[in-house]
Q: 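Starting off with a structure, shown below.
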Amino acid sequence: MKPIYRKYLRAGAVFWAVCFIALFLFYLIVLGPQEQVRSRTESRLAQAQAQAQAATEAAQEKTKARLMEQVQEAGDTLERFVIDEKLTDSLTLDIREIPGREALSAFGISAGGEALIQMNNCRHIFGKRLSVNFTSSFNEFAAFLNALERNRPVIFIDTFSITRARDGTSEHEVDMALAVLVEKQAGAEEG
């Protein structure tokens, strides 16, 4: 009797193995590619629905108003940091008039060698460098730094060095390299 059970057991195992292999091949040949096509189609549908939703929202007046407000805020932020190219000539005079300047002695300012410096990944914003030197106490220097950074447009302090006064006074020599962001007009020739 034992050999008959083995014969049936072996036949059943072979039958189930063949069924499993057949189902696996069916999945690989038929269902697998259909699943890939279905997932691609679902992702395209999701993109199309997102675009349709964005178009619907863009057509609404409140969305237009919100976007215009964001553009205005971005423009205001830009104005705080960037000076118009036409105003760069008067920049040295403006720096001389910054509050706190009265306490600085032997004040000198000069523009950098290049007119405008090209910045990476920027088409319409350039840099302009200025050199400033003066003598002052530490508190006067700190007040001048504060006034520069609160100026509109912001004047960035690129580098500075302070040489301690040798005669025991508080008149230390300060050399600074300043940087200003300049907006070059779109119609102007690029150099």
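Only heavy atoms go into these numbers, but all of them, side chains included; no hydrogens, no water, no symmetry mates.
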Q: Does Leu181 reach the side chain of Pro153, with side-chain heavy atoms less than 4.5 Å apart?
A: no
Q: Can you find a pair of side-chain heavy atoms, one from Val82 and one from Val182, that are under 4.5 Å apart?
A: no
Q: Using the side chain to side chain contact (heavy atoms under 4.5 Å, CB included) rule, take Phe144 and Met176 through it: C-alpha gap first, then chi angles, then the decisive distance, then the call.
A: CA-CA 11 Å; Phe144 183 67; Met176 299 174 67; 4.0 Å; yes
Q: Give the minimum heavy-atom separation between Ala165 and Glu171, together with the two atoms involved.
A: CB-O, 3.4 Å
Q: Can you tell me how far CG of Leu145 sits from CD1 of Ile155, rounded to the nearest 0.5 angstrom?
A: 11.5 Å
Q: Taking side-chain hydrogen bond (donor to acceptor under 3.5 Å, both in side chains) as the test, write out the residues that go with Glu149, two or more places apart.
A: none
Q: Residues in side chain to side chain contact (heavy atoms under 4.5 Å, CB included) with Val18, at least two apart?
A: Val14
Q: Side chains of residues 45-54: which donor-acceptor partners sit under 3.5 Å, not counting sequence neighbours?
A:
unit_1, atom_1, unit_2, atom_2, d
Gln53, NE2, Glu57, OE2, 3.0

Q: Between CG of Asp175 and OG1 of Thr163, what distance do you get to the nearest 0.5 Å?
A: 6.5 Å
Q: For residues Ile29 and Phe26: do they belong to one hydrophobic cluster (side chain heavy atoms under 4.5 Å, members Ile, Leu, Val, Met, Phe, Trp, Tyr)?
A: yes
Q: Quick check for you: to the nearest 0.5 Å, what is the distance between Thr41 atom OG1 and Gln36 atom CD?
A: 11.5 Å
Q: Measure the CG-OG distance between Asp158 and Ser131 for me, rounded to the nearest 0.5 Å.
A: 10.0 Å
Q: Could you measure the distance from the OH atom of Tyr27 to the CD atom of Gln34? Nearest 0.5 Å is fine.
A: 10.5 Å
Q: With the threshold set at 4.0 Å, does a side-chain nitrogen-carboxylate oxygen contact exist between Arg66 and Glu69?
A: no
Q: Does the side chain of Lys64 reach to within under 4.5 Å of the side chain of Leu67, using non-hydrogen atoms?
A: no
Q: Start with the C-alpha gap between Asn133 and Val174, add the side-chain angles, then the distance that decides, and say whether side chain to side chain contact (heavy atoms under 4.5 Å, CB included) holds.
A: CA-CA 5 Å; Asn133 50 31; Val174 178; over 6 Å; no
